[in-house]
Amino acid sequence: MFSSTVLKLDAAAETARIAEAIRGQVRSLRKRGAVLGLSGGIDSSVVAALCARALGKDKVLGLFMPEHHSSDDSLALGRMVAEAIGVEAIVENISPALEGAGCYRRQEEAIRQVVPEYGPGWKCKLIMPSILESERLNMTQLTVQSPANDSRTVRLTAQAYLQLVAATNFKQRIRKMTEYYHADRLNYAVAGTPNRLEYDQGFFVKQGDGAADFKPIAHLYKTQVYQLAEYLEIPEEIRKRPPTTDTFSMPQTQEEFYFALPYARMDLCLYAHNHDVPAAEVAGHVDLTAEQVERVYRDIEAKRRATRYLHATPLLVEPVSELSAGSTAAGS
Amino acid sequence: MSIDGRIQDFIRQNFLFGSDDKIGENDSLLDRGIIDSTGAMELVSFLENEFSIEVGDRDLVPENLDSVAAITAFVMRKTAEKQQPIDAIRAIG
């Protein structure tokens, strides 16, 4: 029977289960510890705490990777978490790497295709119009803010949109390169930090934050990640902080960028959809009409279809069977 | 070439690598995975340039853009709307 408490879990038992899984996975990878990016957000905080429990605090390295557009409090919150958990963490400012790769220049070039006056002092974010008010296609729009604080929202051409996203993706990919640098030098595994909603709905960058050796909370709804965060005594300031993308120069919530609803309601809809719960039964629990829930269900499927590519492993002409799981070929 | 023919041709050349696979005029382009949100942006640009119409934000819904038949009807409606003021001016003249 569906209810708004279906996502309640036994935090102690789940923590123990995940810790055991992490130990087994890192051992199977023949690695000595774990590296992860610490953003000051709830997901990376919980993953850091789980890794510390599983492997020992001295076997976990956290990385703070700020850049020009990072929010002011990310670094402070990241340090707070590292200190609370007791793991080593270092700062790797990725702005020079992003400058060198042309990230910021390419972003501005893309934006100027639709806002010719965009330049120094301007800010922006991508948003997706709500599907709750009406059926609509998932077409992202750009909000810009001038140095005089005037804002407007414009439609993007496909070319401008693709270039802006491609340039922005440098951030996640350079962060992941940095994580793998430290993982390689320490012989550690890289821990990914997506929760179930992000993983399921393709809210990650291919070979960016989507890349990892293990992903200990990808099976957990974000609501459940918060339950573990409380159990693991993640600082309250982090537990109370609204989820943010921390990607664009304007503050941006995850639901205005990608998800149809705030995470708590989105989790319930995702759970209900996964368990074939009729929309009418869910509606009252998420403060929506049945028709709106049906739109959310369709949106979930649309995003799964659109982001299948992000999960796909390289396509081969024919399988290389010697490398299948469990192979004991010499030299492996 | 007819409106629906030009639309079919655009879809085939840009999303199907020129394949001869038939697209049913009422097939859902989204459900068949032929276009996604980025493809929809490209489609909108094509319609505006090819047929000299303006696609407003409120027009960005599946009932206008999710099948060849729907797109064709949408283009014809938009073209007729554009023609009405011109006809009115001509009538006065």
Side-chain angles (χ1 to χ4, degrees), chain A residues 110-111 113-114 126-143 152-169 201-203 205-206 257-260 291-292 294-312, chain B residues 6-7 9-19 21 23-75 77-78 82:
Chain A
I111 293 168
Q113 291 177 34
V114 293
L126 291 177
I127 63 167
M128 218 182 277
S130 170
I131 57 160
L132 297 181
E133 281 82 48
S134 67
E135 201 74 53
R136 58 139 183 90
L137 296 175
N138 279 333
M139 285 177 66
T140 307
Q141 296 177 322
L142 176 71
T143 297
R152 68 179 195 270
T153 298
V154 300
R155 276 214 327 241
L156 289 153
T157 62
Q159 184 181 358
Y161 168 69
L162 288 172
Q163 181 172 335
L164 179 54
V165 168
T168 308
N169 286 349
Q201 294 286 276
F203 188 59
V205 173
K206 190 165 178 118
F257 179 43
Y258 198 74
F259 299 115
E291 186 189 343
Q292 287 174 321
E294 286 287 1
R295 281 200 209 117
V296 174
Y297 282 0
R298 282 196 292 275
D299 194 55
I300 287 169
E301 285 304 320
K303 287 191 168 79
R304 281 176 176 167
R305 270 196 308 270
T307 61
R308 207 158 279 149
Y309 151 77
L310 298 182
H311 294 277
Chain B
R6 285 146 81 183
I7 293 166
D9 193 55
F10 171 77
I11 292 171
R12 206 170 274 119
Q13 294 305 323
N14 287 277
F15 303 112
L16 299 174
F17 298 102
S19 161
D21 287 353
I23 309 164
E25 63 169 29
N26 291 308
D27 286 356
S28 165
L29 301 174
L30 294 166
D31 288 350
R32 275 194 59 183
I34 293 174
I35 64 170
D36 56 12
S37 55
T38 310
M41 286 182 188
E42 293 176 68
L43 175 63
V44 167
S45 292
F46 163 75
L47 295 177
E48 290 186 327
N49 292 326
E50 181 76 2
F51 301 105
S52 302
I53 60 172
E54 195 178 312
V55 180
D57 288 348
R58 290 185 187 192
D59 296 324
L60 299 172
V61 290
E63 70 182 28
N64 287 337
L65 299 174
D66 192 28
S67 69
V68 173
I71 300 167
T72 302
F74 172 69
V75 168
R77 216 163 43 243
K78 281 290 190 178
K82 216 177 60 159

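Chain letters run A, B, ... following the sequence lines, proteins first, then strands; residues in each count from 1.
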Task: Partner chain A: residue of B:Leu60, B:Leu30, B:Val61 with the largest heavy-atom pair count (under 4.5 Å) - done: B:Leu60
TODO: Would you name the heavy atoms of B:Thr38 and A:Ala158 that are closest together and state the gap between them?
DONE: O-CB, 4.1 Å
Open item on the list: Can you give me the closest heavy-atom contact between A:Ile300 and A:Gln201, atom names plus distance?
Closed with: O-NE2, 3.2 Å
Open item on the list: Could you check whether any side-chain N or O of B:Asn64 sits under 3.5 Å from a backbone N or O of B:Asp59, counting only pairs where one atom can act as donor and the other as acceptor?
Closed with: yes
Open item on the list: On a heavy-atom basis, which atom in A:Tyr309 and which in A:Lys206 lie closest, and how many Å separate them?
Closed with: O-NZ, 2.7 Å
Open item on the list: For B:Leu43, which atoms come within 4.5 Å of any heavy atom of chain A: side chain, backbone, both, or neither?
Closed with: neither
TODO: Considering only heavy atoms, give the residues of residues 45-56 of chain B separated from chain A by less than 4.5 Å, sorted numerically, with 'none' for an empty result.
DONE: B:Glu48, B:Val55, B:Gly56
Open item on the list: For B:Asn26 and B:Ser67, which I'm curious about, is there any donor-acceptor pair between the side chains at under 3.5 Å?
Closed with: no
- [ ] Would you name the heavy atoms of A:Thr140 and A:Leu126 that are closest together and state the gap between them?
- [x] CG2-CB, 3.7 Å
Task: A:Gln159, part contacting chain B, at a heavy-atom distance under 4.5 Å - done: neither
TODO: Name the option with the most non-hydrogen atom pairs under 4.5 Å to chain B; the candidates are A:Met139, A:Arg155, A:Arg305.
DONE: A:Arg155
Task: Pair A:Asp299 + A:Lys303, salt bridge at N-O below 4.0 Å - done: yes
Open item on the list: At a 4.5 Å cut-off on heavy atoms, which part of B:Asp31 comes close to chain A: side chain, backbone, both, or neither?
Closed with: both
- [ ] Using a strict cut-off of less than 4.0 Å between a Lys/Arg side-chain nitrogen and an Asp/Glu carboxylate oxygen, indicate whether A:Glu301 and A:Arg298 qualify as a salt bridge.
- [x] no
Open item on the list: For a quick test of reading the model, state the closest non-hydrogen atom pair linking B:Arg32 to B:Asp27 and the distance between them.
Closed with: NH1-OD2, 2.8 Å
- [ ] With a 4.5 angstrom heavy-atom cut-off, could you sort out which part of A:Leu137 is near chain B: side chain, backbone, both or neither?
- [x] both
Task: Contact origin within B:Asp57 toward chain A - heavy atom pairs under 4.5 Å - done: both
